[in-house]
Amino acid sequence: VGQKYKWKIIPPLDSEHPDLKQTSLQSSFVKTFYQRRFLSKDALMPSKFSKGTLEDVQEPFDIPDLIKGASCLISHLENGNKVAIFSDYDVDGICGGILLKQFITEAYPDAQCHIFQSNRMIEGYGLNLNHVEKIQDYACLVTVDCGSSSIEPIQNISDQGCDVIVTDHHECALNQEQKVIRPAAIAFINPKRPDAPHYFSFLSGTGVVFMLCCAMRKSSEKCAQIKLAPFLDLVCTSIISDAVPLLNENRIFVRYGLNQFNSKTRPYFKKLMDHTTRYGPINEQTLSFSLIPKMNAPGRMGSASPVLEGLMAKDTEVIDRYYRETVKQNESRMEIQAQSWSQVEPLAEAQKDQDVLCVYHPEIHEGVLGILASRLCDQYQKPAIVMAQSQIPGEIKGSGRAFGTASVLDVAKKFSGYFSRFGGHQAAIGLSLHESNLKPLLDGIAKFKQPSETIPLLIEESIKLRDLNYNSISELESLGPFGQQFPLPLFLIEDIRIPKLRKLKGDHLKGIFEQDGAHIDFIAWKSGHLAKFINGSDHYNCVVNLKLNYYVAPTVQCELVDIEKAQS
Ligand SMILES: [Mn+2]
């Protein structure tokens, strides 16, 4: 048992899988990992996904309404009709909107096609009556990453004589009999529809748009000439940003998308990542930590338009202007977030014995509620809801995040009487309530009991420092991408000394592991508090992730996840 988590070592393999002989993998701990993830009977993924080429992507044409939506959109484009794209303001929505617009414009250079988005502060998520008016003179509307729950606005738009094509990946709206309410759309394309093949349920909103484009290529000669692979950087970014599982086709999309990033980065993306790309290839982490938070910032602060415009612009100076605007918005997002954290943390601390945290502070900016909830979850290892005063007088808005496998949506359902609106999924929810319901809600959640979950760290095996080198870690990284539902493997390194340790800016620690004469660098993110626990003479057992660090020349770096004193 470490400082932070319970540890659990996965039992060793009882035999070697025959297919393991066909791999070119050399390192024995990587081979074991490969067998577990790709070859064993309870493997997360079939082995074709360990490499996976675009030819392995399964045809999506049995997704209900996909073909119908594609041919409807094509006939509008062939007739020169005006087409509106309405997309969500987060990274998934932006990427999907851009993908569709660029695909359409490449196939039909004269198309009249415009992207619309909500303002998060004023209008909130999804379509509303305000948008119905804006798209009055459009013949066709395609929603991206939204629409499944906008039943009324879509009815109104379709009553105006506009053909609506919904593309979405959120849960469908249900009536009182728990039956799906179908929006008044010509095509309702959503892999979460109960009649859709479950295989595609992992798609992001942009992934659904990608599949729509596949279908358009099938039914239009003009579309058939447009290559889709160059758009996979957008699909890849959406997958990582929306934290959809890195399973099935998503693995192929991310792999190709990262190649696309590394061979031909869009100028606006390149600017946003410039300081990191100097240090090695763009990978999942570069996107998560460097690109995506900046892309999300303008939408959080109100309007995502600098990101949309920056991605669509061709002129270097224009791109530069939107880049600077994006960075500026991200800086104010970070300031607001730090300020809000100092308001939220003491409130959560006072609730630390509750099973579910639920804090309200009137001044918190709506755009950072979700980030704060995630951070509370992480720090207190329990579900958390963060609420603030909305721009609408008398209304409170909130965002909740789950910890572990228990659903935060199920928690919200227990208190549904207090909410004017709530929705989302197992891991994340959004909600709003009238201020008169605040106190009863806080009191209710304070008494709410939910057995707490301890999630042990699943450790692959105990390895030796001397087995860690450029080749073995490159092999391990070649089995990625790693992330949601396909985590980076954890390894145990036993009985090591830590002869060197120093504090870095931002509460990080950096040091050296030593075992039987071998030395490897390690880093411990946000772990300044461990400095007291570690000294140069004791021996330790450490749970680590293994990475290549490209800072100067590629070297192996362990990322410390947990630590205990070794019994010697
Ligand atoms: Mn999405």
Side-chain angles (χ1 to χ4, degrees), residues 60 63 66 69 85-101 115-120 123-127 142-150 154 165-173 183 185 188-193 196 200-213 231-250 253-254 257 284 287-288 291-300 303-304 307-308 311 367 369-371 373-374 399-402 408-409 422-431 483-485:
I63 296 176
L66 186 73
I85 297 170
F86 182 86
S87 83
D88 188 25
Y89 39 65
D90 73 358
V91 168
D92 189 17
I94 294 168
C95 288
I98 297 274
L99 197 171
L100 186 57
K101 159 121 186 178
I115 305 183
F116 293 85
Q117 284 190 316
S118 271
N119 182 298
R120 183 179 196 130
E123 299 163 321
Y125 172 79
L127 280 158
V142 188
T143 71
V144 171
D145 193 30
C146 63
S148 297
S149 54
S150 305
I154 288 178
I165 300 163
V166 170
T167 78
D168 197 1
H169 72 140
H170 290 88
E171 297 296 336
C172 302
F188 175 34
I189 306 164
N190 184 336
K192 298 266 169 59
R193 274 173 62 160
F200 289 109
S201 63
F202 303 135
L203 289 176
S204 63
T206 306
V208 177
V209 171
F210 184 85
M211 295 312 195
L212 176 68
C213 295
F231 294 106
L232 283 170
D233 60 339
L234 297 170
V235 183
C236 163
T237 307
S238 76
I239 288 169
I240 298 193
S241 170
D242 252 35
V244 288
L246 286 173
L247 301 175
N248 296 354
E249 269 58 17
N250 285 350
F253 293 157
V254 169
E284 307 89 290
L287 299 189
S288 311
L291 180 69
I292 290 167
K294 289 181 203 148
M295 281 179 79
N296 260 325
R300 292 185 184 284
S303 159
V307 187
L308 267 182
L311 275 169
L369 292 172
I371 305 180
S374 310
S399 195
R401 294 290 183 271
V408 66
L409 187 61
F422 76 99
H425 48 95
Q426 176 270 332
I429 53 163
L431 54 88
Q484 204 65 23
Q485 293 189 38

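Source: prediction; values computed, not measured. One-based numbering, in listed order, for ligands and for the atoms of each.
- The atom name of the N/O/S atom in Asp92 closest to the Mn ion (ligand 1) is OD2.
- Residues that satisfy the side chain to side chain contact (heavy atoms under 4.5 Å, CB included) test with Ser87, not counting sequence neighbours, are Ile115, Gln117, Val144.
- In summary, no N, O or S atom of His170 is located under 2.8 Å from the Mn ion (ligand 1).
- We find the SG-CG distance between Cys95 and Leu311 to be 7.0 Å, quoted to the nearest 0.5 Å.
- Closest approach between the Mn ion (ligand 1) and any N/O/S atom of Asp145 involves OD1.
- With rounding to the nearest 0.5 Å, the separation of CD in Glu249 from CZ in Phe200 is 5.5 Å.
- The Mn ion (ligand 1) is closest to atom OD2 of Asp242 (considering only N, O or S atoms).
- With hydrogens and angles ignored, the 3.5 Å screen pairs no side-chain donor or acceptor of Asp145 with any backbone N or O of Asp92.
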